[in-house]
There are 2 protein chains.
Amino acid sequence: MNTKNMSNKVLLYEDNDLLRESISSMVVLDEGMELLGAYGHANEVEEQVKSFKPDLILMDIEMPGRSGIEATKLVKKFLPETFVLILTVFDDSENVLNAIKAGASGYLLKKYIATRLFSAVEEIMEGGAPMSPAVAKLVIQSMQKPQHTVDYGLTEREKDVLLSLSKGNSFKLIAADCKISIDTVRTHIKHIYEKLQVHCQTEAVSKAINEGLV
Amino acid sequence: MNTKNMSNKVLLYEDNDLLRESISSMVVLDEGMELLGAYGHANEVEEQVKSFKPDLILMDIEMPGRSGIEATKLVKKFLPETFVLILTVFDDSENVLNAIKAGASGYLLKKYIATRLFSAVEEIMEGGAPMSPAVAKLVIQSMQKPQHTVDYGLTEREKDVLLSLSKGNSFKLIAADCKISIDTVRTHIKHIYEKLQVHCQTEAVSKAINEGLV
DNA sequence: GGTCTAATCCCCTGATTAGGGTATTGTGAA
DNA sequence: TTCACAATACCCTAATCAGGGGATTAGACC
């Protein structure tokens, strides 16, 4: 889409006037980028994206009106091939993960803008995913199943039964699966309900899957 | 756990003799790391981890016997505070994502070992998550994708009911939740079963959660 | 206007599950 | 040797669910 000697068309959304000016200057002075527009809010992002067809958008999260995360969703909806680099002071897990789920290709904390903006842009345009170490850690943690959040004290056999249950098996099938009688299955199930503090299959399955017990 | 002037205790698993020797040398010669052991397979990883209590494990994926991904799961099970850095030639999405889900803290392609091993180790020990740009991209893509894998043609109302069911609600509670009669719930449930090709609640909930329908 | 579908509601019957017991065996800890 | 507990198995009753009907209303589409 972009060759090395073509400059990348860039849009900037940042509500802080000073910062917007400063980033604008950086972009304008860089020969690899061409600034198409810089806005203090993202309320007209849909029209702007459609008319400018940028290659890259630098997006703040906290802006008056529509948030950068909402704006990112819209951008990816109407021009999916556009890259979005989030520029923000927030590095809490909620914002980071939501931005990435919304379709952002990279996440740069504002304190690193001066030193790393150009390398981040370069990385993004080459198909990479620039992230500060702290952000990368958050992303990885979100994928690692919360293994030892709570220990419900399930025995091995109870875990077997719960696993079979979570696959959608009836008591009858669980009995066959575990090679025990259906009454024993019932006994295990009762203990599982007590330990998980639930009162029916669906609750147990939901809890088992969502808390990584299976 | 580790202060800057304490060397980190390291275990290495790598089946290629030449590469194992070469990485061992790098680790031994670095004053920040202390090599406790280097093995060509991970079949006794459980005992080794328990007796050495390493701070960091450098783990190959493809090894005879137990894979590095299985080994990583065991390590995190018995010594959760141990960091695991995957060293591998594979950068396909399946291996990368499985390794991360298994609990790996970082992922370094072998071609980068010579130039980036020390910085990756440093980053990991500081709580970061070193990844090559290609790997970071894979991780991000995996979070952006899993929305509409399969379309079962559920109507909006059916999705509402399925969502409520997946939270562990009984038909009675779903009825209250959606403000409809229990009979209507039953009708929706019947249609959901048909469309999802399942025959009971647990199967439906399992499918809904695992395939991201809710 | 006719057809289709989503969403709502009702009934019935047989199967399954929930919640309450009790009991035996084997194992491992106190 | 007790004691606790995991794993196995059985019984009973009330509640809930599965699978089969049928029916009405409102909108969409042709």
Side-chain angles (χ1 to χ4, degrees), chain A residues 147-148 150-214, chain B residues 46-47 50 77-78 147-214:
Chain A
Q147 299 292 4
H148 292 79
V150 195
D151 183 15
Y152 292 102
L154 294 176
T155 69
E156 283 308 307
R157 209 59 172 143
E158 284 161 3
K159 284 179 196 168
D160 291 344
V161 171
L162 183 55
L163 176 63
S164 188
L165 184 73
S166 299
K167 288 190 290 195
N169 291 331
S170 67
F171 289 10
K172 206 178 282 182
L173 285 175
I174 296 172
D177 207 5
C178 299
K179 302 189 202 328
I180 51 181
S181 90
I182 197 168
D183 289 290
T184 306
V185 173
R186 292 170 40 64
T187 305
H188 288 313
I189 292 275
K190 277 186 272 192
H191 293 155
I192 292 170
Y193 287 177
E194 281 169 21
K195 292 179 180 176
L196 260 54
Q197 304 232 53
V198 299
H199 307 281
C200 67
Q201 295 180 88
T202 48
E203 253 188 296
V205 170
S206 173
K207 205 157 187 170
I209 300 181
N210 287 319
E211 304 197 10
L213 301 175
V214 292
Chain B
E46 186 180 330
E47 297 76 19
K50 281 180 178 168
K77 184 174 175 187
F78 293 110
Q147 301 296 356
H148 287 79
T149 38
V150 195
D151 183 15
Y152 291 100
L154 294 176
T155 69
E156 283 309 306
R157 209 60 174 142
E158 285 161 2
K159 284 180 196 168
D160 292 344
V161 171
L162 184 54
L163 176 62
S164 188
L165 184 72
S166 300
K167 288 190 290 196
N169 290 332
S170 66
F171 288 11
K172 205 178 282 182
L173 286 175
I174 296 172
D177 206 7
C178 299
K179 303 186 200 331
I180 52 181
S181 89
I182 196 167
D183 289 290
T184 307
V185 174
R186 295 170 41 64
T187 306
H188 287 313
I189 292 276
K190 278 186 269 191
H191 293 155
I192 292 170
Y193 287 176
E194 280 169 23
K195 291 179 179 176
L196 260 53
Q197 304 234 51
V198 299
H199 302 92
C200 67
Q201 295 180 91
T202 48
E203 254 188 295
V205 170
S206 173
K207 205 157 187 169
I209 300 180
N210 286 319
E211 304 197 10
L213 301 175
V214 290

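- A heavy-atom distance below 4.5 Å is not found between the side chains of B:V161 and B:D177.
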What one-letter contact string describes nucleotides 14-21 of chain D from 5' to 3', where B marks a base within less than 4.0 Å of any protein heavy atom, S marks contact via sugar-phosphate atoms alone, and - marks no contact? --SSBBBB

Quick one, B:E46 with B:K50, criterion salt bridge (charged side-chain N to carboxylate O under 4.0 Å, His left out). Give me CA distance, side-chain angles, the key distance, then yes/no. CA-CA 6 Å; B:E46 186 180 330; B:K50 281 180 178 168; 3.2 Å; yes

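- Under the salt bridge (Lys or Arg N to Asp or Glu O under 4.0 Å) criterion, A:K190 pairs with no residue, sequence neighbours left out.
- Distance from the side chain of B:D183 is smallest for C:dC11 among the nucleotides C:dC11, D:dT8, C:dT8.
- No side-chain donor-acceptor contact under 3.5 Å links A:T187 and A:T184.
- Counting only distance, with no hydrogens or angles, the side chain of B:R157 and the backbone of B:C178 share a donor-acceptor pair below 3.5 Å.
- Distance B:E156 CD to C:dT8 P: 12 Å, rounded to the nearest Å.
- A sub-4.0 Å separation between OP1 or OP2 of D:dT8 and a side-chain N or O of A:H188 is present.
- Residue contacts for A:S181: at a heavy-atom cut-off of 4.0 Å it reaches the sugar-phosphate backbone alone, with no base atom in range.
- Atom C1' of nucleotide C:dT25 and atom CD1 of A:I180 are separated by 15 Å, given to the nearest angstrom.
- Counting only heavy atoms from C-beta outward, the side chains of B:T202 and A:N169 never approach each other to under 4.5 Å.
- A:I174 places its CD1 atom 13 Å from the P atom of D:dT8, with the value rounded to the nearest Å.
- Whole-Å rounding puts the A:K159 NZ to D:dA7 P distance at 10 Å.
- Residue A:T184 is classed as a base contact, given a heavy-atom separation below 4.0 Å to a base.
- Rounding to the nearest 0.5 Å places CD of A:Q201 at 6.5 Å from SG of B:C200.
- Around CD of B:Q197, the count of heavy atoms belonging to other residues, nucleotides or ligands within 6.0 Å does not exceed 12.
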Between the protein and nucleotides 25-30 of chain D, list the N/O to N/O atom pairs that are separated by less than 3.5 angstrom.
none

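- Going from atom CG of A:N210 over to atom CD1 of B:I209 covers 4.5 Å, rounded to the nearest 0.5 Å.
- Rounded to a whole Å, the CG atom of A:D160 is 8 Å from the P atom of D:dA7.
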